[in-house]
**Student:** 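Quick one: this structure, given as structure tokens, is what I'll be asking you about.
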Amino acid sequence: MANIDTTQDAVNEFNQYVKPVSLWADAWKRLRRNKMAVLALWVVGFYFLLALSAPLLQSAGILHSYTEQIISHQNLRPSFRPAGELVIESLELRIAQLEENLASREEDSNSTYNMATGFDFAPAAEIEFDDGEVDEGEAALEEVTEEADDTYYGPTYSDSVVDELERSKAEVEALRGSIHTDPQHSKVYILGTDDLGRDMLARTIYGGRISIMIGIVGTLTAVLIGILIGSISGYVGGAIDNFLMRFVDIMYSLPYMLVVIIIMSMVGDKGRGSIVILFVAIALISWLTISRVVRGQIISLKNSEFVEAARSMGAGTPRIIFRHLLPNTLGVIIVFSTLLMPSFIMQESFLSFLGLGVSAPQASWGTLVSEGVRGMELRAWQLFVPAISMTVFLFCMNFLGDGLRDALDPQSKNRG
Amino acid sequence: MARFFIRRLLSLVPTMFIIVTLSFFLIRLAPGGPFARERDLPEAILQNILKRYHMDEPLPKQYLRYLGDVIRWDFGPSLRYRDRSVNEMIDTTLPVSTALGLTALSLAVILGVNVGIVSALKQNKWPDYTAMSVAVVGISVPLFVMGPILQMVFAIWLKWLPPGQWLSDHGLKAIILPAVTLSFPYFAYIARLSRASVLEVLRSDYIRTARAKGLKESVVIVKHVLKGALLPVVTYLGPALSGIVTGSVVVEAVFVVPGLGRPFVQAAINRDYTMIMADVIVYSLLLITANLVVDLVYGLLDPRISYK
């Protein structure tokens with residue numbers, strides 16, 4: 001070491017001054033060397049910022065409302081052009097189709113009609129619950145659109161086609177008239193709209209808000225419970241340790257997502273979809289791993305000299321646990337938390353996907369993906385936009401977690 | 001060994017007892033019930049229905065009755081579908097879920113271990129990088145995103161595989177997409193796990209000894225490295241199986257597989273008490289037995305572990 005730092009008192013065995021490096025500074029240095037982890041950190045930061053500032057962006061007019069439904073704007077594909085133009089374009093396409101069908105119909109009135117590309121038809125992989133009571137409002141809406149479609153197949157087929165043709169033409173005319181005066185039609189949907197005419201970008205960002213919030217709150221709860229149970233179990237030992245750990249063992253053998261599903265369905269129609277209950281349900285069960293890890297760490301540390309020293313100076317049990325033992329396990333806890341968060345987000349989306357999670361008007365990434373799956377053949381963006389946003393976030397959280405593990409715990413053996 | 005096995009087998013009984021008891025009271029204590037839906041039900045009829053299912057009795061009596069039934073492996077009638085008993089439902093759906101789950105698990109283990117070994121042997125070369133990138137994707141992409149995307153690509157665009165439906169219509173082809181989807185995250189994790197443990201074992205003394213003896217590289221890998229490196233993978237089988245069990249609920253929904261998952265979610269929404277209970281019992285039994293098997297295999301692989 002050529003530079004002698006005279007402001008520090010630490011001295012190494014060659015009588016040279018050295019600057020003491022804290023564990024955190026050291027870990028930060030190692031983390032920064034990991035390019036992927038740094039990139040992941042930036043991306044995660046960006047997501048957090050976006051999630052936090054969503055209401056601000058919306059009130060500033062940059063982001064559209066995520067609940068406002070503009071029926072004439074439904075199912076618009078991602079584009080930088082204003083919505084009015086896109087609507088006119090799709091209506092004109094529809095008119096051309098109808099006219100073509102009408103013409104071929106007149107040519108050969110006996111041929112069986114095959115609607116080439118309708119606006120709404122049921123995808124093959126539609127997930128239907130036998131009960132049909134999953135979301136009554138939505139079902140009712142689908143019924144309406146289906147009804148409109150059904151009429152084409154009726155006996156007065158050409159009449160209704162002519163009707164629709166007229167209607168579409170009138171709509172196009174009306175749109176042409178109002179496109180420059182009505183501010184609604186100058187909206188730009190960069191990522192398209194969903195089947196109720198809501199902006200996908202806004203919905204994905206707000207969905208991310210809910211998902212990330214669930215991730216953070218769930219992780220915090222799980223970590224707090226886990227630390228408490230784990231440290232008591234590890235430090236006190238004996239019968240208490242035995243009891244707590246048998247309890248954890250039994251909880252482990254429960255198929256735990258199934259228990260969460262039961263809890264979510266039990267709280268009834270009123271409570272179903274309530275975010276608070278979701279938090280409680282997920283957090284109640286997910287502290288198990290962290291409590292085991294903390295217990296292991298505490299057991300391995302509790303007989304070390306610094307604990308003995310603290311005890312000899314008269315420190316009580318809580319003080320030893322919280323001031324001496326826990327700070328030493330903090331690295332492991334941080335690593336686990338970063339890896340726990342994506343798993344929370346996945347579990348919440350899992351429930352939302354099954355219709356047991358967050359309910360309308362709120363939406364999480366899971367809800368958005370499950371909505372997108374329904375129409376994925378025709379409107380792939382409704383699946384891909386939330387799916388990719390979610391995957392990128394999970395990807396980065398996992399990378400960050402791995403990076404932190406390598407940085408904080410370089411000797412770690414269980415590097416998966 | 002035999003004594004250990006019997007002791008572990010006996011320890012399943014209290015665990016199952018606790019699971020049955022916990023879930024029984026958890027479900028019963030919640031407000032509302034399976035018949036709360038039928039709004040205009042006259043009181044007398046409701047009473048009759050409750051009586052038929054013995055639900056008018058005090059809770060402890062119901063509990064004891066249920067416990068007795070479960071011991072005889074009788075889960076009672078479904079409260080929602082009056083024409084089917086829960087046992088019939090389980091008998092028809094369990095084989096499907098088991099087939100799917102086992103296929104997924106074996107896919108995950110076989111592919112995962114092989115990919116892990118290859119990556120470790122070619123550390124920091126392109127096979128390693130490719131495999132580990134795929135693995136990270138596998139861990140980060142949720143099942144319900146993976147499923148629809150695979151379905152879209154292979155069933156709808158390329159039309160190679162059927163999008164849904166089960167064996168009756170498409171034969172064995174129908175199991176490919178759901179099984180691959182279900183196994184992907186566990187394949188990824190097992191690949192990473194076995195790569196890390198192979199790397200560690202490769203550095204150990206007994207491998208150096210084996211090489212110093214002049215053993216062929218293939219013998220070193222198969223007989224020495226593999227045995228040591230498989231231990232973490234075996235430990236992970238328990239959690240992996242529990243994940244596959246839960247994941248199958250989603251995969252069955254995406255690919256319209258007539259397994260145990262769909263009736264379970266359905267029962268949870270409908271408050272079909274007997275169905276929920278039966279599902280939880282079957283799933284837990286599967287998991288606990290699997291964990292027992294994992295423990296035994298672990299002992300066979302690692303001579304340092306002795307069962308007393």
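Just so it is clear, the structure is predicted and the values come from calculations on it, not from any experiment. Atoms considered below: every heavy atom in the structure, side chains included; atoms not considered: hydrogens, waters and symmetry mates. Proteins get letters first, then strands, A, B, ... in listed order; numbering begins at 1 in each.
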**Student:** Are any non-hydrogen side-chain atoms of B:Val282 and B:Leu94 less than 4.5 angstrom apart?
**Tutor:**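 With C-beta onward as the side chain, the pair touches.
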**Student:** Got a salt bridge between A:Glu371 and A:Arg203, using NZ or NE/NH1/NH2 to carboxylate O under 4.0 Å?
**Tutor:**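 Looking at A:Glu371 and A:Arg203, the cut-off is met.
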**Student:** Looking only at the aromatic ring of each residue, does the gap between the centers of A:Phe350 and B:Phe144 stay below 6.0 angstrom?
**Tutor:**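 No, the ring of B:Phe144 stays outside the 6.0 Å limit from the ring of A:Phe350, centre to centre.
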**Student:** If you take all heavy atoms of A:Leu31 and A:Ala407, which pair is closest and at what distance?
**Tutor:**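 Closest pair (atom of A:Leu31, atom of A:Ala407, distance): N-CB, 3.9 Å.
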**Student:** For B:Phe264, is it the side chain, the backbone, both or neither that has a heavy atom under 4.5 Å from a heavy atom of chain A?
**Tutor:**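 It is the side chain, since no backbone atom gets that close.
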**Student:** Name the region of A:Phe393, side chain, backbone, both or neither, that has any atom closer than 4.5 Å to a heavy atom of chain B.
**Tutor:**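 Contact with chain B: none, neither part.
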**Student:** Name the region of A:Ser343, side chain, backbone, both or neither, that has any atom closer than 4.5 Å to a heavy atom of chain B.
**Tutor:**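 The answer is neither part of A:Ser343.
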**Student:** With a 4.5 angstrom heavy-atom cut-off, could you sort out which part of A:Met397 is near chain B: side chain, backbone, both or neither?
**Tutor:**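 The answer is neither part of A:Met397.
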**Student:** Considering all heavy atoms of both residues, which atom of A:Ala37 and which atom of A:Phe399 are nearest to each other, and what is their separation?
**Tutor:**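 Shortest heavy-atom separation between A:Ala37 and A:Phe399 comes out as CB-O, 4.4 Å.
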**Student:** Heavy-atom distance under 4.5 Å to chain A: side chain of B:Ile18, backbone, both or neither?
**Tutor:**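 Looking at B:Ile18, just its side chain touches chain A.
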